[in-house]
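Notes to accompany the following structure.
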Number of protein chains: 4
Amino acid sequence: MKEKITTQSIILFEKKGFSQTSIQDIVDVLEVTKGTFYYYFSSKEQLLMDIHSDYITNLLERQQLILDNQNLSQKEKLSRTIRLLVTDIADKGPSARVFFREVRHLANENIENIKKKRDQFRLNIEKTVNEGVQQGEFRKGLRTDMITFGILGITNWSYQWYKPDGEISIDELVEIYVDMILKGIEQ
Amino acid sequence: MKEKITTQSIILFEKKGFSQTSIQDIVDVLEVTKGTFYYYFSSKEQLLMDIHSDYITNLLERQQLILDNQNLSQKEKLSRTIRLLVTDIADKGPSARVFFREVRHLANENIENIKKKRDQFRLNIEKTVNEGVQQGEFRKGLRTDMITFGILGITNWSYQWYKPDGEISIDELVEIYVDMILKGIEQ
Amino acid sequence: MKEKITTQSIILFEKKGFSQTSIQDIVDVLEVTKGTFYYYFSSKEQLLMDIHSDYITNLLERQQLILDNQNLSQKEKLSRTIRLLVTDIADKGPSARVFFREVRHLANENIENIKKKRDQFRLNIEKTVNEGVQQGEFRKGLRTDMITFGILGITNWSYQWYKPDGEISIDELVEIYVDMILKGIEQ
Amino acid sequence: MKEKITTQSIILFEKKGFSQTSIQDIVDVLEVTKGTFYYYFSSKEQLLMDIHSDYITNLLERQQLILDNQNLSQKEKLSRTIRLLVTDIADKGPSARVFFREVRHLANENIENIKKKRDQFRLNIEKTVNEGVQQGEFRKGLRTDMITFGILGITNWSYQWYKPDGEISIDELVEIYVDMILKGIEQ
DNA sequence: AATGAATGAGTCTTCATTCAT
DNA sequence: GATGAATGAAGACTCATTCAT
């Protein structure tokens, strides 16, 4: 039941936004009562926290798998990280969108842990770019921190406009963005 | 008074979010009463509509000035458009952030006009890139629609993380992003 | 309206207790809506605070009138204070009972001011007894602080059992208690 | 387990009040579940009833022991009854406080039996005073019913203010009150 | 003897909105 | 132009209670 609530909440939060989704909305779909919700979650915010925490934790784990692979060039690592983010639109679209949109609704105590992991993910990308620079794969003199924000901008913004049933496939999109980004920073 | 309400609302919407800001919050700061608010605006959503409308209209106008300049190459037009977007963070930060974050709260009737202008802005960029391709400034075979979303991703995402009092200036940031984007798509 | 809400609340708090009385109960009787309640009071506890504050402030004022009268002996001052408390059962029964019963529901921030006045009232009695001892009206060696608690016990407890339409009048009760107390402590 | 629940409930009821204490609060401390509670008690009110019933039954028994002692004067009987009540603050503080404060939460059906015993306790005191009057220990013409309420006021009120770790001991307090009361009513 | 899941009615509170003045 | 009073619908959350296991 806890899982059913989480799943349903993600769908509703994505569709209507966190603020616009009431507990009643959630439990109505599941045909249970509000009491049930509060049996599993201490508050609406706690639920959002769980969603965020699950998502970023999983994302970080998958990023780590890429980084741990010693055989990959930095270009390849960066490509795969971009692919990771973009393919999540199709695979975990709602979770991902909720994750990127509703941070604001996490109060200070809760947000710290999430924010730390979020920063970790970003810093991992920055490190990859840095090493790419040192190893001559990317241009010298890049502001790698700003470049990293640029990369995240491209990928994360796609959560705003990408329609899974639109005219372009995820694979094509990944290719286009990888191409644009690598050309943008390589020697 | 109408202007004071708008200005104050933008500040509060940016700080706390649209949903989390009550009419009471707004009028409290201005030391007037809720009745006053409803004298000038028919609803909370109408106010948000006005803010969005003002912002996108102004943005479009300034974009048009760039596009109308016959002496500029497409690269230059694109650079200036990027500059336009990024400098707004510093100059119109709150408005811009409200614009990019709170679209969701506009109901269908209101959103059409805004959306049309928003799309227009994007299509203007796409057209610039297209012409750049035709004139040999940018690579052949680019999916210019996706590239455009990528460019917007880079610029708009900066509204999420840029701190005006941080270690990097707007001008430096513009330079970095123009460089990254142009390198990413030029011949 | 604010006054009507206060008056009605006192009646209901006395009859059913603070916890058992809902805002709905209060506004139902007045045939207004809950919104109205919250237009005048920021919370249920705030209302209780107001009730307590009004009561103790008024009680202190009337006590002060007695103490300021230079012509009275300490015995007389004490008699009049006892009369003050006991007659309030008839005159302000509900307020008084709410005051003596529902202190517990005031959270820490609110209670301080009330508590201070409450203590002031008690200390005023203690001072009267003390002076009575010094002037030879009351016995030497009395623990005047404990005696004061005893006096308050007698009077305040009457709020628990006294029935205005019972077989004994307030005036008779005052006489009995004044007699008992004075005999208990005089030379 | 039943006893553990009762003991723990008394502590919590005293600290937070009956209404403010949830079944969850009680079972949390005992590290059992709500089901367990309802295995032993049919309702929250039933539990409160049990607590009241236990307390007053025990109090009555101990009072009876005093009254049955043929060798005691009425003064002595009264003294011992006062001592009985006041020492309970130290010995059974929480139970006693719950008993004196939370009567209100007993609904009509339950309260009858308790009330009868409560009245019995009071009437036993009244009878002692009456006999004291007849035997010339106390003054003629006393309204013994009101005097009894006065005595109970003094003792019961001490449950409101007495701090076990304060500057006065129970024994001293008993002495002071016995003195005050006896002087107040004796020949 | 005890649990864990679920209920449902109720609680306080918020807030956009209306309207007579 | 602006106010102050009032509304009413909705929101998050609590909690005593039930019951199959």
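Chain identifiers are assigned alphabetically (A, B, ...) following the order of the sequence lines, protein sequences preceding nucleic acid strands; residue numbering begins at 1 within each chain. What you see below is based on every heavy atom in this structure, not just the backbone, and it leaves out hydrogens, waters and symmetry mates. Note that the structure is a prediction, hence the values are computed from the model and not measured.
For A/L47 and F/dA12, the CG to P distance is 11 Å, given to the nearest whole Å. As rounded to whole Å, 11 Å separates atom P of F/dA16 from atom CD of C/Q20. B/M1 has its CE atom 10 Å from the P atom of F/dG1, to the nearest Å. Following rounding to the nearest Å, C/F18 (CZ) and E/dT11 (P) show an atom-to-atom distance of 13 Å. Atom CD of B/E31 and atom P of F/dG4 are 12 Å apart (whole Å). Put simply, NZ on B/K4 is 13 Å from P on F/dG1, counting in whole angstrom units. Residue D/I23 contributes atom CD1, which lies 16 Å from atom C1' of E/dG4 at whole-angstrom precision. For the pair B/Q24 CD and E/dC15 P, the computed distance is 9 Å after rounding to whole Å.
Smallest separation of non-hydrogen atoms from B/F13 and A/R104: O-NH1, 4.2 Å.
Remark: A/K92 fails to qualify as a cation-pi partner of A/Y55 under the 6.0 Å distance and 45° angle criteria applied to the six-membered ring. Cation-pi geometry between B/K44 and B/F18 is satisfied (NZ or CZ under 6.0 Å from the ring centre, within 45° of the ring normal). Under the 6.0 Å distance and 45° angle rule, B/K2 counts as a cation-pi partner of B/F41.
Side chains of A/Y159 and A/D88: a donor-acceptor N/O pair is absent below 3.5 angstrom, by distance only.
With a 3.5 Å ceiling on both atom-pair distances, the Watson-Crick or G-U wobble partner of F/dA2 is E/dT21. Of the nucleotides present, F/dG11 is the one that pairs with E/dC12 by Watson-Crick or G-U wobble criteria, both distances under 3.5 Å. In this structure E/dA1 sits in no base pair that meets the Watson-Crick or G-U test at under 3.5 Å.
Residue B/Y38 has a polar side-chain atom (N or O) positioned under 4.0 Å from OP1 or OP2 of E/dT17. In this model, the phosphate group of E/dA2 is approached by a side-chain N or O of D/Y40 to a distance below 4.0 Å at OP1 or OP2. Residue A/T36 places at least one side-chain N or O under 4.0 Å from the OP1 or OP2 atom of E/dT7.
Residue-to-nucleotide proximity on DNA chain F shows that, of A/G35 and B/G35, the 5′-proximal contact is made by B/G35. Heavy-atom nearest nucleotides on DNA chain E were determined for B/D25 and for C/K44, and the one closer to the 5' end corresponds to C/K44.
Distance from the side chain of B/S22 is smallest for E/dA16 among the nucleotides F/dA12, E/dG8, E/dA16. Ranking E/dT18, F/dT7, F/dA6 by closeness to the C/V32 side chain, first place goes to F/dT7. For A/Y39, the listed nucleotide lying nearest its side chain is E/dA6; candidates were F/dA16, E/dA6, F/dG4.
Across all strands shown, C/S19 has no heavy atoms under 4.0 Å from either base or sugar-phosphate atoms.
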